[in-house]
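Working notes, structure below.
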Amino acid sequence: MSDSAEIDEAKAILNNHLEYHKMRKTLERYAILEMVMTTEGHHSADQYVELMPKSFTVSRATMYTTLQMFDEIGILTSHQVHGITLYERAYKVTPHHHYICTECHTITDLIAPEIDKVLSSTRTPKFSKMRNSAYIYGLCAYCKAKIAKRRKKYERMLEQERTESTPRDEVRIAKIGEELGKVAEELGIGH
């Protein structure tokens with residue numbers, strides 16, 4: 001959660017940006033600012049629209065453009081997850097990395113000083129780094145357990161099919177063997 005001093009600092013950053021670019025200071029922009037500064041987690045623009053107070057409606061277009069502006073000025077940071085842009089508060093938040101589940105698409109924060117050390121020491125000739133971020137893709141514990149459960153169920157089904165089909169297969173193979181024996185006998189093979 002953000003305290004009022006941090007919200008005031010973020011408002012000052014927004015004011016400077018709007019004045020510099022000669023943009024209007026609208027109630028919607030400040031309402032969105034307060035909402036994102038007090039909301040934790042990773043959210044899409046549509047989710048932020050839903051999080052707005054019911055008494056204050058904001059169009060999707062306004063939300064999208066405002067969130068992009070906040071990303072540009074460092075109040076939010078954006079993440080591309082399976083074709084969707086998710087935003088999270090960046091102002092006065094410890095820089096961190098993320099786990100992304102490839103099954104349920106959940107994004108989880110990861111604080112890893114060893115990753116920070118590697119990324120900050122990496123030389124980038126002819127490129128000025130502004131910030132670092134690492135994404136680790138894989139399966140969250142919930143999805144891993146769900147997949148293991150499905151795999152066990154499938155293996156049980158296969159084993160059951162093998163067990164149920166074995167007697168029929170043996171009878172069929174025995175009949176084929178008899179037929180081959182008859183053919184071999186008629187041809188005079190095997191005696």
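As the structure is a computational prediction, the values presented were derived from the model and not from experiment. If you read the sequence from its start, that first residue is 1, and numbering goes on from there.
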Original post:
Run the side-chain contact (heavy atoms from CB on, under 4.5 Å) check on M63 and Q47 step by step: do they pass?
Top reply: CA-CA 10 Å; M63 183 62 74; Q47 290 170 325; over 6 Å; no
Original post:
Quick one: salt bridge (Lys or Arg N to Asp or Glu O under 4.0 Å) partners of K146, sequence neighbours excluded?
Top reply: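 Here no residue qualifies.
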When rounded to the nearest 0.5 angstrom, what is the spacing between [atom1] in [X] and [atom2] in [Y]?
X: L86; Y: H98; atom1: CG; atom2: NE2; result: 9.5 Å
X: M37; Y: I7; atom1: CE; atom2: CD1; result: 6.0 Å
X: N15; Y: M23; atom1: CG; atom2: CE; result: 12.5 Å
X: H43; Y: L67; atom1: NE2; atom2: CG; result: 11.0 Å
X: L14; Y: L33; atom1: CG; atom2: CG; result: 6.0 Å

Solution key, residues 50-60 side-chain donor-acceptor pairs under 3.5 Å, sequence neighbours excluded:
unit_1, atom_1, unit_2, atom_2, d
S59, OG, T62, N, 3.1
S59, OG, T62, OG1, 2.9
R60, NE, D46, OD1, 2.9

Step through the shown structure and confirm whether more than 12 heavy atoms of other residues, nucleotides or ligands are within 6.0 Å of [atom1] on [X].
X: L27; atom1: CG; value: no
X: Y137; atom1: OH; value: yes
X: Y99; atom1: OH; value: no
X: K129; atom1: NZ; value: yes

Original post:
Which residues pass the side chain to side chain contact (heavy atoms under 4.5 Å, CB included) test with A134, sequence neighbours left out?
Top reply: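 A134: side chain to side chain contact (heavy atoms under 4.5 Å, CB included) contacts with H97, I115, L119.
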Original post:
Would you say Y87 and Q68 make side-chain contact, with heavy atoms under 4.5 Å?
Top reply: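 Yes, side chains in contact.
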Original post:
Would you say the side chain of R89 lies within less than 4.5 Å of the side chain of E6, judging by non-hydrogen atoms?
Top reply: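 They are in side-chain contact.
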Subject >> Contact list for residues 25-34, test salt bridge (Lys or Arg N to Asp or Glu O under 4.0 Å), sequence neighbours left out >> reply: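 Every salt bridge (Lys or Arg N to Asp or Glu O under 4.0 Å) pair that includes a residue of residues 25-34, provided the two are not neighbours, is K11-E34, E19-K25.
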Subject >> All pairs passing salt bridge (Lys or Arg N to Asp or Glu O under 4.0 Å) where residues 90-118 contributes a residue, at least two apart >> reply: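 For residues 90-118: E9-K92, E103-R150.
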Subject >> Nearest non-hydrogen partners of C140 and C101, listed with the distance >> reply: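 For C140 versus C101, the nearest heavy atoms are N-SG, 3.4 Å.
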**OP:** Identify which one of I32, T66, T39 satisfies the side chain to side chain contact (heavy atoms under 4.5 Å, CB included) criterion when paired with Y48.
**Re:**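 By the side chain to side chain contact (heavy atoms under 4.5 Å, CB included) criterion, Y48 pairs with just one of I32, T66, T39: T39.
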Subject >> Chi angles and distances behind the side-chain contact (heavy atoms from CB on, under 4.5 Å) call for I147, L139 >> reply: CA-CA 9 Å; I147 289 169; L139 295 172; 3.8 Å; yes
Please tabulate, one pair per line, all N/O donor-acceptor pairs under 3.5 Å involving side-chain atoms of residues 69-84, not counting sequence neighbours.
unit_1, atom_1, unit_2, atom_2, d
D71, OD1, S78, N, 3.4
D71, OD2, S78, OG, 2.8
H79, ND1, Y135, OH, 2.6
H79, NE2, E88, OE2, 2.8
Q80, OE1, T85, OG1, 3.3
Q80, NE2, T85, OG1, 2.7
H82, ND1, H105, ND1, 3.4
H82, NE2, H105, ND1, 2.8

Subject >> Backbone of V93 reached by a side-chain donor or acceptor of H96 within 3.5 Å >> reply: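 The answer is no, because no donor-acceptor pair under 3.5 Å joins these two groups.
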